[in-house]
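Have a look at the structure below before the remarks.
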Amino acid sequence: MILDRRNFLRTLAAAGAAMALPPFPGAKQPAPGSFDFVFFTDTHIQPELDAAHGCDMCFRKIASANPEFAIMGGDHVYDAMGVNGARAGMVYDLYKRTEQLLGMPLHHAIGNHDVFGVLTKSGVPPADPAYGKKMYQDRMGQTFYSFDYKGYHFVVLDSIQPTEDRLWEARVDEAQLHWLRDDLKRLPARAPVIAAIHCPLVTAFATYAQVVTEGRKYNTMTVSNAAEVLEVFEDANVLAVLQGHTHINEVVAYKNTQYITSGAVCGNWWHGPRMGTPEGFTLVSLREGKISTRYETYGFRSVDPRERL
């Protein structure tokens with residue numbers, strides 16, 4: 001009996017050690033599965049302009065589509081960047097309450113309006129414990145990370161970099177690029193990758209829309225070092241990059257990758273459609289390593305319809 005118990009304990013320890021070991025080189029990657037998820041972006045939630053009701057309508061329609069999870073592409077609130085702590089905390093609380101309607105796993109990307117107190121007009125000192133990205137991190141989580149789901153690798157990037165002169169630039173910083181290289185190198189060959197980011201990496205926006213750049217010190221429309229990010233993507237099987245920020249629904253194909261910019265939940269900042277793109281979200285369908293998308297609207301009607309430049 002003692003010998004049997006020793007053999008049992010020895011076998012149990014060996015099994016535990018085997019479970020702790022990383023997969024051996026050449027271990028088979030699970031085949032990419034088939035499922036739907038939702039990418040929604042730019043809610044810009046606020047108590048004004050019936051925005052909370054609009055988010056309520058949108059989130060109920062997303063939930064009715066029964067996706068397996070959702071990715072939020074940034075600009076959750078309007079605004080945290082140029083306001084005091086009371087206002088920023090209030091709109092973040094409003095977003096978190098409304099988000100509960102989704103009732104599904106959620107992943108978040110940071111947007112420029114989610115960064116607290118960076119603009120001098122906010123009156124917030126840099127010494128404030130919630131300054132910059134800290135408020136977002138405390139309430140929403142990490143600003144860049146990756147996760148795996150049913151044979152696909154998802155990468156969420158941070159394109160918002162506050163500057164020392166209390167402005168911001170659309171950029172993926174060096175520390176993040178280093179992390180991204182290491183993260184993608186660990187993947188098996190041809191593993192399908194989907195990235196999400198707030199400011200677009202690749203877009204045709206400037207060819208059909210007026211981009212206001214005069215007097216701006218930094219690029220705040222597209223990722224200023226996009227070429228460096230695309231270089232990191234070169235050796236990976238990146239199916240798509242999901243993007244926000246412009247509030248326009250657009251797909252650009254470049255080197256076997258789809259750069260999918262989703263229209264905004266808030267449309268034209270809750271003033272109606274944005275340059276013909278109505279308020280909505282993107283339903284993403286993955287089928288055995290292939291991707292397709294469909295833009296969905298949800299019937300919101302602005303209480304103050306007008307174009308915002």
Distance-minimising heavy-atom pair for Arg87 and Asp79: CG-O, 4.5 Å

Once you measure the plane-to-plane angle for Phe147 and Phe154, does it fall in the parallel (<30°), tilted (30-60°) or perpendicular (>60°) bin? parallel

Nearest-0.5 Å distance that lies between atom NZ in Lys121 and atom CE in Met81: 10.0 Å

For Tyr95 and His76, take the angle between the two ring planes, folded into 0 to 90°, and tell me which bin it lands in: parallel under 30, tilted 30 to 60, perpendicular over 60. perpendicular

Please name the pair of heavy atoms, one in Leu201 and one in Ala226, separated by the smallest distance, quoted to 0.1 Å. O-CB, 3.5 Å

Check: Phe35 ring centre within less than 6.0 Å of Tyr152 ring centre: yes

If only atom types and distance count, is the side chain of Gln258 paired as donor or acceptor with the main-chain N or O of Val251 below 3.5 Å? no

Counting only heavy atoms not in Asp304 (residues, nucleotides, ligands), do more than 12 fall under 6.0 Å from its CG? yes

Is there a donor-acceptor pair closer than 3.5 Å between any side-chain N or O of Asp42 and the backbone N or O of Gly263? no

Should Arg97 and Asp93 count as an ion pair when the cut-off is N to O under 4.0 Å? no

Minimal heavy-atom distance between Tyr92 and Ala80, with the atoms involved, is CE1-CB, 4.1 Å

Scanning both residues in full, the closest heavy-atom pair of His153 with Leu184 reads CD2-CD2, 4.3 Å

Separation between CZ of Phe59 and CD of Gln100, rounded to the nearest 0.5 Å: 11.0 Å

Around atom CD of Glu68, are there more than 12 heavy atoms of other residues, nucleotides or ligands at under 6.0 Å? yes

pair Glu228-Val172: side-chain heavy atoms closer than 4.5 Å: no

Would you give the length of the straight line joining atom NE2 of His108 to atom CE of Met140, rounded to the nearest 0.5 angstrom? 3.5 Å

State, yes or no, whether a side-chain contact exists between Trp270 and Glu48 at a heavy-atom distance under 4.5 Å. no

Mind checking whether Phe205 and Tyr254 sit in one hydrophobic cluster, side chains of I, L, V, M, F, W, Y counted as touching below 4.5 Å? no

Checking Thr257 side chain against Val238 main chain: does a donor-acceptor pair fall under 3.5 Å? yes

Within the structure provided, determine whether Val118 and Tyr131 are in side-chain contact (heavy-atom separation under 4.5 Å). yes

Which heavy atom in Ala52 sits nearest to a heavy atom in Leu94, and how many Å separate them? CB-CD1, 4.1 Å

Could you tell me if the ring centre of Tyr298 sits under 6.0 Å from that of Phe281? no

Where do Asp75 and Val77 land on the side-chain contact (heavy atoms from CB on, under 4.5 Å) test, with the steps shown first? CA-CA 5 Å; Asp75 280 0; Val77 300; over 6 Å; no

Measure from the ring center of Trp269 to the ring center of Tyr78 and say whether it is less than 6.0 Å. no

Would you indicate whether Lys96, at its atom NZ, is surrounded by more than 12 heavy atoms from other residues, nucleotides or ligands within a distance under 6.0 Å? yes

Are Ile110 and Ile45 linked, directly or through other ILVMFWY residues, by side chains that come within less than 4.5 angstrom of each other? yes

Taking all non-hydrogen atoms of both residues into account, name the closest pair between Ile291 and Ala240 and its distance. CD1-CB, 3.6 Å

Just how far is it from atom CZ of Phe39 to atom CG of Leu283, taken to the nearest 0.5 Å? 13.0 Å

Lys/Arg-Asp/Glu bridge criterion (N-O < 4.0 Å) met for Arg294, Glu296: yes

Do His247 and Thr277 come within less than 4.5 Å of each other through their side chains, counting heavy atoms only? no

Check the pair Phe116 / Val124 against side-chain contact (heavy atoms from CB on, under 4.5 Å), numbers first and verdict last. CA-CA 8 Å; Phe116 172 56; Val124 177; 3.6 Å; yes

Does CG in Asp165 sit with more than 12 non-hydrogen atoms of other residues, nucleotides or ligands closer than 6.0 Å? yes

Please tell me if the side chains of Val91 and Pro47 come closer than 4.5 Å, counting only heavy atoms from C-beta onward. yes

Side chains of His107 and Tyr149: does their closest heavy-atom pair fall under 4.5 Å? no

Hey, any chance Leu106 and Ile71 share a hydrophobic cluster, counting ILVMFWY side chains that come within less than 4.5 Å of each other, even indirectly? no

Asp235 side, atom CG; Arg181 side, atom CZ - distance, nearest 0.5 Å: 11.0 Å

Tell me yes or no: between the side chains of Thr203 and Gln243, is some donor less than 3.5 Å from an acceptor? no

Thr297 side chain to Glu279 backbone, donor-acceptor under 3.5 Å: no

Is the backbone N or O of Thr41 less than 3.5 Å from a side-chain atom of His198, with the two atoms forming a donor-acceptor pair by type? no

Cut-off 3.5 Å, side chains only: do Asp50 and His53 have a donor facing an acceptor? yes

Derivation and outcome, side-chain contact (heavy atoms from CB on, under 4.5 Å), residues Gln161 and Lys133: CA-CA 9 Å; Gln161 307 305 328; Lys133 298 179 184 179; 3.3 Å; yes

Answer whether the closest heavy-atom distance between the side chains of Val202 and Val241 falls below 4.5 Å. no

Below 4.5 Å, heavy atoms only, C-beta onward: do Leu286 and Ile194 meet side chain to side chain? yes

So does Lys134 pair up with Asp138, basic N to acidic O under 4.0 Å? yes

Scan side-chain atoms only and decide if Thr143 and Asp158 contain a donor-acceptor pair under the 3.5 Å cut-off. yes

Go through it in stages, so that I can follow the logic: the residues are Thr246 and Met221, the test is side-chain contact (heavy atoms from CB on, under 4.5 Å), and I'd like the CA-CA distance, side-chain angles, deciding distance and then a yes or no. CA-CA 8 Å; Thr246 64; Met221 182 58 63; 3.9 Å; yes

Parallel under 30°, tilted from 30 to 60°, perpendicular over 60°: which one fits the rings of Phe37 and Phe69? parallel

Taking NZ, NE, NH1 and NH2 as the nitrogens, is one of them in Glu164 or Lys217 under 4.0 Å from a carboxylate oxygen of the other? no

With distance as the sole test, does Ser224 use its side chain to make a donor-acceptor pair with the main-chain N or O of Ala170 at under 3.5 Å? yes

Working to the nearest 0.5 Å, report the span between SG of Cys55 and CZ of Arg60. 12.5 Å

Is a side-chain N or O of Tyr295 found less than 3.5 angstrom from the main chain of Gly280, in a donor-acceptor match? yes

